[in-house]
Amino acid sequence: MADDFELDTDDLTRRMEGAMASLRTEFASLRTGRASASMLEPVMVDAYGQQTPINQVGTVNVPEPRMVTINVWDKGLVNKVEKAIRESGLGINPQLNGTIIMLPIPELNEERRRELGKVASQYAENARVAVRNVRRDGMDQIKKAKADGMSEDDQKFWETSVQELTDSYIGKVDEALEHKQAEIMQV
């Protein structure tokens, strides 16, 4: 029974990659002083009786490095979109121009850069925890197979395999954090 044990490393890899994708999304939403359409992804607008992402009520553009514009399709939603941006905590003051909402991106001061660096570190730690949880699940499967009669050599092989996979993804998280912190601190 245990001789034919095969750990599904593809599943573990897919789940660890999911943690990395989540980290990339969280990093994209961090404002670094440069305009980006992805910084509006977490903002939801109360449109048509439900919470709707901004990109589903208007066209989001980045015409210049320090400006994001939203061309709202439904004139009746302009004020709701503006209100959602103000209440989102992004620290951006929207300016109305008909159905176009302009979002000038202010320069970040040193204190705000440090705060964003801490937030980025927290996001990275959450990703590391997610990767370690996937590792734990893999190790639990190996322990179960060991209880079912797997040899110690096979157990060591699979544990080493899972640990190497975990180490590589923790390294990717650390590398992404380093890159993001350098981007945040760039003036």
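Just so you know, residue 1 is the first one in the sequence shown, and it goes up from there. Computed from heavy atoms alone, side chains included, the values below leave out hydrogens, waters and symmetry copies. The structure displayed is predicted, hence computed values, not measured ones.
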(request) Following the transitive rule for hydrophobic clusters with a side-chain heavy-atom cut-off under 4.5 Å over Ile, Leu, Val, Met, Phe, Trp and Tyr, establish whether Met150 and Phe157 coincide in one cluster. (result) yes

(request) Indicate the atoms forming the closest heavy-atom contact of Val173 with Ala127, along with that distance. (result) CG2-CB, 4.0 Å

(message) Can you confirm whether Glu175 is buried at CD, in the sense that more than 12 heavy atoms of other residues, nucleotides or ligands lie under 6.0 Å from that atom?
(response) no

Please set out all donor-acceptor pairs under 3.5 angstrom arising from side-chain atoms of residues 14-27, sequence neighbours excluded.
| from | atom 1 | to | atom 2 | distance (Å) |
| --- | --- | --- | --- | --- |
| Arg14 | NH2 | Asp11 | OD1 | 2.4 |
| Arg15 | NH2 | Asp137 | OD2 | 2.3 |
| Glu17 | OE1 | Tyr169 | OH | 2.9 |
| Glu17 | OE2 | Arg24 | NH2 | 2.8 |
| Thr25 | OG1 | Ala21 | O | 3.0 |

Just distance, no hydrogens or angles: give the donor-acceptor pairs under 3.5 Å from side chains in residues 42-56, sequence neighbours left out.
| from | atom 1 | to | atom 2 | distance (Å) |
| --- | --- | --- | --- | --- |
| Tyr48 | OH | Asp74 | OD2 | 3.0 |
| Thr52 | OG1 | Gln50 | O | 3.3 |

(message) What I want to find out is whether Arg132 reaches Glu125 closely enough, with some N-O distance under 4.0 Å, to be called a salt bridge.
(response) yes

(message) I'd like to know if Leu77 and Ile100 are part of one continuous hydrophobic network [Ile/Leu/Val/Met/Phe/Trp/Tyr, side-chain heavy atoms within less than 4.5 Å].
(response) no

(message) For a 4.5 angstrom cut-off between non-hydrogen side-chain atoms, does Glu41 reach Val60?
(response) no

(request) Taking all heavy atoms of Thr9 and all of Ser161, pick out the closest pair and write down the distance. (result) CG2-OG, 4.1 Å

(message) Quick check against the 3.5 Å criterion: does Gln155 have a side-chain atom that pairs as donor or acceptor with the backbone of Lys146?
(response) no

(request) Tell me, with the steps shown, if Lys156 and Glu152 meet salt bridge (charged side-chain N to carboxylate O under 4.0 Å, His left out). (result) CA-CA 6 Å; Lys156 293 280 186 236; Glu152 264 187 55; 5.3 Å; no

(message) Whether Arg86 and Glu82 form a salt bridge (side-chain N of Lys/Arg under 4.0 Å from carboxylate O of Asp/Glu) is what I want to check.
(response) yes

